[in-house]
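See structure below.
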Amino acid sequence: MELKAIKKRKAPNYPTIDYFIENPELLSKRIPDKWLKNKYVASSLATFIFLGNPDIHKSKDLKTIVIVESIDKEKKAENQQVKQDAIKVAPIFVHGKGSGASGCIVMSPPVFISEDEALKIILEALKAENISFDTVKGPVISFKALAIADDCLDEKNVADAKVKIKMDGYNAKYNIAFEFVSTKDFNKFRSDSKCFSSVQGYDTKKAAELLRDELKANSKTNAVVFYDPISHINFENSKNWKKSETKAKEESKKLLLEQVNDFIKWIKKEHIIAQ
Amino acid sequence: MHVTLHLTTACNMSCDYCYSSPNNKHFMSQETANKSIDFIANNYPSNTGIIFFGGEPLLMKELIKSTISYSSEKSGYFHYKVTTNGLLLDADFLNYANKVNLQVSISIDGNEHAHNAFRRYADRTPTFEDLKEKVDLLLKYQPYAKALMTVSPETLPYYSSSVEYLLNRGFKYIIVSLNYAGNWNDKSIKELKKQYKKISKIYEHNIMKEEKFYFSPFEMKLASHIRQENFECYQCHLAMEQISIAHDGSIYPCVQFVKDGMSNKSYSIGNISSAIDEFRKEQLYQESKKPSAICSVCDYNPRCNNKCSCLNWQLSGELNQISPIVCETEKILIPIVDKLGERLFKIGSSMFIQKHYNVIYPILSMIEDMN
């Protein structure tokens with residue numbers, strides 16, 4: 001026996017993981033029957049399909065797709081809803097997917113921004129434009145919405161969520177309110193029904209869209225909704241967990257600031273404040 | 001991070017292939033164990049696996065319990081594992097293990113022929129018969145316990161039948177180490193090839209039945225192609241993602257370097273009472289990563305077990321130098337596994353696709369195990 005290098009070996013004829021990252025629908029078409037018969041695995045799998053393969057975040061085209069989706073939804077909502085000419089509600093400024101799952105051994109665990117961290121970013125950016133907000137007197141909005149991101153597959157468990165939100169800030173001069181949808185707020189968009197899942201899914205962007213639709217129909221103030229971008233820790237490429245976690249959080253903060261900067265451009269364009 | 005605590009060099013068995021023959025019996029004190037936990041809590045508080053190892057660690061059951069208890073008072077998140085020959089397992093300990101989420105892995109070489117060939121008491125009495133009831137007990141308490149199987153040239157003819165035996169006994173996770181230090185020759189290489197082919201049929205059959213079956217040599221080689229550059233995460237990063245703490249508190253970069261805890265101090269990278277010698281650690285790491293001339297021109301290099309520094313060191317004396325026997329066995333394994341992957345993908349096996357291409361498979365698998 002001696003050391004001998006293998007040269008010009010034919011590449012294996014089964015794909016690498018990139019093939020499934022580029023074609024995620026192929027994964028959802030190949031579910032073992034055994035898993036579908038196990039309600040716990042099935043419900044967790046449903047959460048995964050709902051949230052998407054975490055590696056999809058690597059896709060460069062994702063941002064564009066999400067923005068197009070958001071614009072389409074906005075146009076549909078505009079056609080269906082009563083026009084409130086005097087009141088302007090900003091579209092969702094899409095920066096970050098706003099979804100993730102925690103629990104068990106999640107391969108790319110999400111990192112969340114706390115309410116306090118988010119308020120600091122939002123208030124500082126707006127203050128630079130000479131817009132100050134009262135964080136105590138925000139308007140309260142109550143409405144019903146079909147619960148989202150329920151962990152159960154069973155449709156009978158999906159019910160209306162009764163959402164009551166006190167908006168995070170209000171500026172009387174421009175009659176404008178803002179809300180940051182944190183993961184804590186997201187829980188208000190869940191149904192009360194009990195169902196077990198070891199994986200806890202979040203979709204703050206979806207919740208922000210529902211809230212924005214409600215504001216568009218009924219808000220008495222100009223309004224904007226921001227959401228937690230929920231960046232993910234890239235576990236596989238990292239040797240240092242803490243460093244990766246910090247990096248992911250910084251990424252989230254950067255994405256939130258981009259949402260706020262888009263909003264500032266929007267209020268100037270809409271002449272809510274002087275350009 | 002994984003930290004292995006070498007509780008003792010003593011053992012109630014005397015296996016012929018053991019790399020740590022217990023001539024000198026040393027035992028870790030409670031004080032050293034507590035200091036080890038302090039060291040872990042201070043340096044690696046987040047999601048660290050603490051592994052109790054020996055010799056035979058169940059000779060020190062009380063130390064395991066008190067150490068876990070002590071660690072639970074520390075801030076941080078730890079999970080626990082113990083690697084045992086199984087002979088001292090009993091219902092009381094397994095009850096305790098389940099309470100504190102201590103995962104028990106058992107060393108069993110397969111069927112009676114394979115197991116008894118090397119795994120014996122000091123008086124040469126075989127241990128298989130005594131182990132049978134312990135296996136049943138373990139799988140009753142921990143149905144997804146790992147079987148740790150060592151395959152030697154002498155036991156190769158029983159390799160595939162041993163895998164079948166372990167599957168039939170109820171093991172779902174089989175981790176295999178080849179005893180590279182054994183008497184390998186051309187005949188045994190041929191036999192290994194024959195056995196891998198047989199096992200690939202067993203693997204295919206189980207995957208097609210959507211049965212849970214983890215067979216480490218195949219999983220690693222499939223991952224080495226499927227995960228491409230991310231496969232590096234699965235490979236050895238000497239002292240970066242794991243360390244071993246000997247009975248006296250000396251720190252080593254990997255389990256095999258500890259030996260009897262006394263005679264291999266030149267590979268120690270520090271002590272729990274002081275700190276890790278970062279210079280020495282980095283020196284060993286860099287040495288382990290030096291490219292080998294022959295490997296760097298080999299197409300199998302990215303997928304090869306030549307990154308296992310402790311294995312290289314044991315067999316060639318160099319951290320970065322693969323031995324001919326490892327080279328030979330890797331060249332047998334990779335094409336057989338690739339053919340298996342090609343077959344399962346062509347058939348469109350749902351379990352194969354989920355297991356290897358769904359990044360949250362480990363979570364789904366764990367949920368399945370729990371329910």
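This is a predicted model, so every value here is computed, not measured.
B:Ile189 touches chain A through its side chain: at least one heavy atom from C-beta onward sits under 4.5 Å away, while N, CA, C and O do not. Only the side chain of B:Gln321 has a heavy atom closer than 4.5 Å to any heavy atom of chain A. Residue contact with chain A, scored on non-hydrogen atoms closer than 4.5 Å, is absent for B:Ser296. Proximity to chain A (any heavy atom under 4.5 Å) is restricted, for B:Glu328, to the side chain, taken from C-beta onward.
Distance check: A:Tyr40 OH to B:Met366 CE gives 15.0 Å after rounding to the nearest 0.5 Å. The distance from atom CG of B:Asp338 to atom NZ of A:Lys10, rounded to the nearest 0.5 Å, is 10.5 Å. Atom CG of A:Leu27 is separated from atom OG of B:Ser350 by 10.0 Å, given to the nearest 0.5 angstrom. Here the straight-line distance linking atom CG of A:Asp18 with atom CD1 of B:Ile226 works out to 11.5 Å at 0.5 Å rounding. In this structure, CD on B:Glu211 lies 3.5 Å from NZ on A:Lys34, to the nearest 0.5 angstrom. Residue A:Asn13 holds its CG atom at 12.5 Å from NZ of B:Lys339, rounded to the nearest 0.5 Å.
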Item to check | Stepwise ring-ring contact (aromatic ring centres under 6.0 Å, His included) check, A:Tyr14 with B:Phe345 | outcome: CA-CA 6 Å; A:Tyr14 56 107; B:Phe345 184 73; 7.7 Å; no

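By the salt bridge (charged side-chain N to carboxylate O under 4.0 Å, His left out) test, B:Lys81 pairs with no residue at all, sequence neighbours left out.
B:Asp299 approaches A:Lys7 most closely through the heavy-atom pair OD2-C, 3.3 Å. Contact record, A:Leu3 with B:Cys327: CD2-CB, 3.6 Å, taken as the closest heavy-atom pair.
Distance alone, capped at 3.5 Å, is enough to place a donor-acceptor pair between the B:Glu210 side chain and the A:Asp33 backbone. A donor-acceptor pair under 3.5 Å links the side-chain atoms of B:Lys331 to the main chain of A:Lys4, judged by distance alone.
Within a 6.0 Å radius of NZ in A:Lys247, no more than 12 heavy atoms belonging to other residues, nucleotides or ligands are found. The number of heavy atoms from other shown groups lying within 6.0 Å of NZ (A:Lys249) is above 12. In this structure, B:Lys193 places its NZ atom where only 12 or fewer heavy-atom neighbours from other residues, nucleotides or ligands lie under 6.0 Å away.
With a 4.5 Å cut-off on side-chain heavy atoms, A:Arg30 and B:Phe352 do not count as touching. Contact of the A:Pro12 side chain with the B:Arg303 side chain is registered, since non-hydrogen atoms from C-beta on lie closer than 4.5 Å. Within the 4.5 Å cutoff, the side chain of B:Ile367 has no heavy atoms near those of the A:Asn38 side chain. Residues B:Val359 and A:Phe20 fail the side-chain proximity criterion, which asks for heavy atoms closer than 4.5 Å.
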